[in-house]
Amino acid sequence: MSVCEDMLLCNYRKCRVKLSGYAWVTACSHIFCDQHGSGEFSRSPAVCPACSSALSGKLDIVRTELSPSEEYKAMVLSGLRPEIILDISSRALAFWTYQVHQEHLYQEYTYSKAEGHLKQMEKVYTQQLQSKDMELTSMKSEVSSLKKVLEEYKKKFTELSEKLMERNRQYQKLQGLYDSLRLRNIAVASQETGQEPPMMPQPAVFGFPLGKSGGFSVGS
């Protein structure tokens, strides 16, 4: 982009709007939009908002029209000697070149600041990502360890269940042998004393034995 294709921006830090219509130009080579120029330079003493230079001279601050009429352009330098015209033009071009150069420096500074901020954010993001990866790895390891512990508990539970079932079978077997030996001993003792072996108790309902031997007369 050539210098002539650029548009000057308001030098007020919080404004930065493209200039059009009227603008305020200072002797310290700064330019401001009509809104901020009118507000800032209405105070006394006047101070440049961009560089804090004192602007006490009569022509240190000029309000100028950025798109003058053809009549104005035809008359403003008329009657001046060529060297004066060239001097005025040279100073005006120097002002424009300075403004464009300052804008380029500002854009480079803004880009550098944004790039530094981006790198810092990338660094923080990378650190957070690494931290989360470490936490995830730790959690995966913990889950794997818990799965192993659970498998061991399942294995122990299965072994204990099998042992319990085996003990239960042994107990039932021993209980059967005990009952058989007990009945045999009772039968032997009964034969030695000449008594009949004891009968197993018959089932009864409400204390009365069932069967023919256990009947009773209703009318008695």
Side-chain angles (χ1 to χ4, degrees), residues 1-140:
M1 181 182 293
S2 65
V3 173
C4 293
E5 292 175 346
D6 286 340
M7 290 185 66
L8 299 185
L9 304 179
C10 177
N11 293 169
Y12 196 78
R13 185 173 299 177
K14 296 181 179 180
C15 183
R16 307 290 300 165
V17 70
K18 290 183 178 180
L19 297 175
S20 61
Y22 288 88
W24 293 76
V25 181
T26 65
C28 52
S29 298
H30 291 107
I31 188 169
F32 302 92
C33 66
D34 199 27
Q35 177 184 353
H36 287 101
S38 300
E40 293 293 326
F41 301 133
S42 61
R43 307 168 187 173
S44 182
V47 176
C48 177
C51 64
S52 301
S53 298
L55 303 172
S56 56
K58 183 179 179 180
L59 295 177
D60 284 352
I61 306 170
V62 176
R63 184 174 183 265
T64 183
E65 186 178 3
L66 299 178
S67 299
S69 63
E70 293 298 324
E71 292 81 1
Y72 177 83
K73 289 188 286 185
M75 298 298 295
V76 65
L77 297 179
S78 298
L80 300 178
R81 295 196 303 272
E83 60 270 20
I84 296 177
I85 295 173
L86 290 176
D87 185 34
I88 295 173
S89 300
S90 175
R91 294 186 185 190
L93 290 174
F95 177 88
W96 182 276
T97 303
Y98 172 79
Q99 280 290 315
V100 173
H101 177 67
Q102 289 297 112
E103 179 61 25
H104 288 169
L105 291 179
Y106 178 81
Q107 293 296 336
E108 289 177 359
Y109 166 76
T110 304
Y111 173 78
S112 176
K113 188 176 180 180
E115 187 178 22
H117 181 68
L118 178 61
K119 289 182 178 179
Q120 184 66 24
M121 292 298 295
E122 288 179 349
K123 184 179 179 180
V124 173
Y125 175 75
T126 302
Q127 291 176 350
Q128 291 180 349
L129 186 62
Q130 290 176 351
S131 177
K132 295 300 180 182
D133 287 341
M134 292 177 64
E135 291 180 5
L136 182 61
T137 302
S138 177
M139 292 178 66
K140 286 182 178 179

Handout entry: Heavy-atom pair with the smallest gap, counting every atom of Tyr12 and Pro49
Key = CD1-CB, 3.9 Å
Practice task
With the side chain counted from C-beta on, respond yes when Cys48 and Phe32 share a heavy-atom pair under 4.5 Å apart, and no when they do not.
Solution key: yes
Exercise for the section: State, with a plain yes or no, whether a side-chain heavy atom of Val47 is found less than 4.5 Å away from one of Phe41. Expected result: no
Exercise for the section: May I have the step-by-step check of side-chain contact (heavy atoms from CB on, under 4.5 Å) for Glu103 and Arg16, ending in yes or no? Expected result: CA-CA 10 Å; Glu103 179 61 25; Arg16 307 290 300 165; 2.4 Å; yes
Fill in the blank from the handout: Applying ring-ring contact (aromatic ring centres under 6.0 Å, His included) to His30 and not counting sequence neighbours gives none
Is there a donor-acceptor pair under 3.5 Å between the side chain of [X] and the backbone N or O of [Y]?
| X | Y | value |
| --- | --- | --- |
| Ser38 | Gln35 | no |
| Ser112 | Glu108 | no |
| Ser89 | Ile85 | yes |
| Gln99 | Ser29 | yes |

Practice task
Only one of Met134, Gln130, Glu135 passes side-chain contact (heavy atoms from CB on, under 4.5 Å) with Lys132; say which it is.
Solution key: Glu135
Between atom [atom1] of [X] and atom [atom2] of [Y], what is the distance when rounded to the nearest 0.5 Å?
| X | Y | atom1 | atom2 | value |
| --- | --- | --- | --- | --- |
| Leu8 | Cys33 | CG | SG | 12.5 Å |
| Asp133 | Lys140 | CG | NZ | 9.0 Å |
| Leu136 | Met139 | CG | CE | 7.0 Å |

Scan the side chains in residues 113-126 for donor-acceptor partners under 3.5 Å anywhere in the protein, sequence neighbours excluded, and list what turns up.
| residue | atom | partner | partner atom | Å |
| --- | --- | --- | --- | --- |
| Thr126 | OG1 | Glu122 | O | 2.7 |

Problem - Pair Ile31-Trp24, side-chain contact (heavy atoms from CB on, under 4.5 Å): steps then yes or no - result: CA-CA 5 Å; Ile31 188 169; Trp24 293 76; over 6 Å; no
Exercise for the section: Show your reasoning for whether side-chain contact (heavy atoms from CB on, under 4.5 Å) applies to Cys10 and Leu19. Expected result: CA-CA 6 Å; Cys10 177; Leu19 297 175; 3.9 Å; yes
Show the atom names and distances, to 0.1 Å, of all donor-acceptor pairs under 3.5 Å that link a side chain in residues 54-66 to residues at least two apart or in another chain.
| residue | atom | partner | partner atom | Å |
| --- | --- | --- | --- | --- |
| Asp60 | OD2 | Ser56 | N | 3.4 |
| Asp60 | OD2 | Gly57 | N | 2.7 |
| Arg63 | NE | Asp34 | OD1 | 3.0 |
| Arg63 | NH2 | Asp34 | OD2 | 3.0 |

Handout entry: Verdict with reasoning, Glu83 to Asp87, per side-chain contact (heavy atoms from CB on, under 4.5 Å)
Key = CA-CA 6 Å; Glu83 60 270 20; Asp87 185 34; over 6 Å; no
